[in-house]
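In the text below, chain A, chain B and the rest are named by the order of the sequence lines, each starting its count at 1.
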Number of protein chains: 2
Amino acid sequence: MRPSTSPGAGREHTPGPRPRLSRELIAETAIGLAEHEGVRALTMRRLATRLSVAPGTLYTYVSGKDDLELLVLDTLVGQQDRLPHTLPGTWREQVEAWAKNDWDGYVRHPWVMELRFRVSGGGPNMIAWLDSALRVFEGTGLSDRQRLDVVETVDGFVRGSAVLHLRSDDAMTGGATAPTPEMRTALGEAPDLVAALTARAAGPTTDRFEFGLRCLLSGVQEVIDAADRP
Amino acid sequence: MRPSTSPGAGREHTPGPRPRLSRELIAETAIGLAEHEGVRALTMRRLATRLSVAPGTLYTYVSGKDDLELLVLDTLVGQQDRLPHTLPGTWREQVEAWAKNDWDGYVRHPWVMELRFRVSGGGPNMIAWLDSALRVFEGTGLSDRQRLDVVETVDGFVRGSAVLHLRSDDAMTGGATAPTPEMRTALGEAPDLVAALTARAAGPTTDRFEFGLRCLLSGVQEVIDAADRP
DNA sequence: GGTATTTCTGAACACTGTTCAAAATTATAA
DNA sequence: TTATAATTTTGAACAGTGTTCAGAAATACC
């Protein structure tokens, strides 16, 4: 009923026809589909077509679309080559590296974020990643709970920052669509916003993600210092 | 073709039947629908049924579902009773109040977040809110661009933190659904994570949102101090 | 060979957003 | 008053979605 494991998982001597698909193949194909045709094209039918298979077939490998999306996310996490706690440097350098890496991934592949905010729960790779992120703070005097707080805070910041980076810029000013008359009047009554937007557009691309990350990590540093020698 | 304004907007003496609906009524009904039956029940047809109207009728008030979702979000923002810069206290107290308020809203009405991460662009109320948030930093020595950076950083943090608060807790440990055997083995190889989760479950609900917010604002404070007297 | 077990198919179901000609309704001009 | 033009509403339709399920096809074990 809820096959979250591939059909021929354990051994190869179950009766019935050989499975022509696998969870891994489905995940890779789904990623390719989302990458090339957008996340809106990631439908069961299109995926089945790409795999030269009837739509219903997918349901022997995946319990539904939610499960598929979770599988895709978990596969992507598993494709990262280095876990956080294996990175070089201090805890702060490790966090900066992992955060920057995640942020790059989100910005380069915006469709991933759309999934991240819809999918709930986590797969094995996500769990492994989270555990590794916790180990980054082994040297510091933070408690178990504080470590989890910090990791989730940073992770949440990265996601929130990435989605704003992709959305607000062109959307607020009306980049793609022509600005509605309503919007024009609203902007007319928002002088500070217009000033800030034009200032940003004029100058070079100051990386406000790194700016925010520095702010956040400085705050974490304070907590660590306080916890280290009370 | 793209009616982002209500039909009988300007005056009441245009020919044709009196509009039985309005953008406001549609927004309120949509909010009620999402609130009571979940955001997945917010479909054009159900909304039309609730309004005792044919599905196609909605398209004279709203250009499509994207526009409807944006309208819902903008309406919610407009329902907030106080704009950030009208709150009492220092910039830091104002930011804390607005961030906490937003966070409460997201946690209390999780369906709002699901929209926030799908909808791009902003309506008049969102623009007004953003402008108000910028004015919070009028006393500080921050530049226009820095102010926008800070506001977006805080806003992104709030969203990211809220989505994690709603997702990771019960989902990771398998709150709703029974934990898959795969998950159990994955958790077996993640001792730090298990320790942190149990520690969190055992103790009282330490508000890790406020923890992260304090971290972030401490970092912002540093930047302001640096900008104030160089 | 027979049997049990599994995978795969193809059709169906109940939805979804969206479009569009025609009908119904109203304000203004003749 | 009647006619005209403009606008809203309708109901049906289209293409697409996730999901289910009886039956057909394929394989390992006895």
Side-chain angles (χ1 to χ4, degrees), chain A residues 1-26 29-30 33-34 37-72 114-115 118-119, chain B residues 1-26 29-30 33-34 37-72 114-115 118-119:
Chain A
M1 280 289 168
R2 294 199 117 235
S4 69
T5 63
S6 206
R11 278 291 79 208
E12 284 291 355
H13 51 87
T14 56
R18 265 75 170 268
R20 304 202 304 199
L21 271 44
S22 69
R23 282 202 128 218
E24 290 73 22
L25 179 61
I26 288 179
T29 311
L33 187 59
E37 308 192 33
V39 75
R40 287 199 150 167
L42 179 52
T43 72
M44 297 302 247
R45 286 183 148 85
R46 285 169 104 106
L47 183 58
T49 307
R50 271 221 172 185
L51 290 162
S52 308
V53 127
T57 304
L58 297 177
Y59 287 83
T60 55
Y61 299 87
V62 156
S63 71
K65 206 191 176 188
D66 292 353
D67 190 30
L68 172 69
E69 291 177 344
L70 177 59
L71 173 63
V72 165
E114 202 149 331
L115 286 193
R118 183 170 37 217
V119 172
Chain B
M1 281 290 169
R2 295 197 114 235
S4 70
T5 64
S6 206
R11 280 288 80 211
E12 285 290 355
H13 51 87
T14 55
R18 266 71 170 273
R20 305 202 305 201
L21 272 43
S22 68
R23 281 201 130 218
E24 290 74 23
L25 178 60
I26 289 179
T29 311
L33 187 59
E37 308 191 33
V39 76
R40 286 199 150 167
L42 178 53
T43 71
M44 297 300 247
R45 287 184 145 86
R46 285 170 105 106
L47 183 56
T49 306
R50 272 220 171 183
L51 290 162
S52 306
V53 126
T57 305
L58 297 177
Y59 288 84
T60 55
Y61 299 88
V62 156
S63 71
K65 207 193 176 187
D66 291 353
D67 191 30
L68 172 69
E69 291 178 342
L70 177 59
L71 173 63
V72 165
E114 203 150 331
L115 285 193
R118 183 169 36 219
V119 172

statement: Quick note, A:Ala54 side chain, CB onward, closest among C:dT18, C:dG10, D:dG11 is C:dG10

- line: From CD1 of B:Ile26 across to C1' of D:dT9 the rounded distance in Å is 13 Å

- prompt: Given C:dT9, is OP1 or OP2 found less than 4.0 Å from the side-chain N or O atoms of A:Thr57?
  reply: yes

- prompt: Nearest-Å distance, CG (A:Leu58) to P (D:dT20)?
  reply: 13 Å

message: Is it the case that the side chain of A:Arg45 and the backbone of A:Pro55 share a donor-acceptor pair, with hydrogens and angles ignored and the cut-off at 3.5 Å?
response: no

- prompt: Is the closest side-chain heavy-atom distance between B:Thr57 and B:Leu51 below 4.5 Å?
  reply: no

query: How long is the line joining CG of A:Leu21 and C1' of D:dA26, in whole Å?
result: 16 Å

Test item: B:Leu21 and B:Thr60 side chains (from C-beta on) under 4.5 Å apart, heavy atoms: no

message: Heavy atoms from C-beta onward define the side chain here; which of D:dT10, C:dG17, D:dT7 lies closest to that of B:Thr14?
response: D:dT7

message: I need the CZ-P distance between A:Arg20 and C:dT6, as an integer number of Å.
response: 19 Å

message: Could you check whether any side-chain heavy atom of A:Val39 comes within less than 4.5 Å of a side-chain heavy atom of A:Glu69, counting everything from C-beta outward?
response: no

message: Can you list, in residue-number order, the parts of residues 39-50 of chain B that come under 4.0 Å of DNA chain C, counting heavy atoms only?
response: B:Thr43, B:Met44, B:Arg45, B:Arg46

query: Within the structure, does a side-chain N or O atom of B:Tyr61 lie under 4.0 Å from either OP1 or OP2 of D:dT9?
result: yes

- prompt: How close or far is atom C1' of C:dC8 from atom CZ of A:Arg18, stated in whole angstroms?
  reply: 15 Å

Close side-chain approach of B:Leu115 to B:Val72, heavy-atom, < 4.5 Å: yes

query: OP1 or OP2 of D:dT9 less than 4.0 angstrom from a side-chain nitrogen or oxygen of B:Thr60, does that happen here?
result: yes

- request: Apply salt bridge (charged side-chain N to carboxylate O under 4.0 Å, His left out) to B:Arg20 and list each qualifying residue two or more places apart in sequence or on a separate chain.
  value: none

- prompt: To the nearest angstrom, how far is A:Leu51 atom CG from C:dT9 atom P?
  reply: 11 Å

- prompt: Nearest-Å distance, NZ (A:Lys65) to P (D:dT19)?
  reply: 8 Å

- request: Take atom CD of A:Glu69 and atom C1' of D:dG18, then tell me their distance rounded to the nearest Å.
  value: 11 Å

message: Any heavy-atom pair between the side chains of B:Lys65 and B:Leu47 that's under 4.5 Å?
response: no

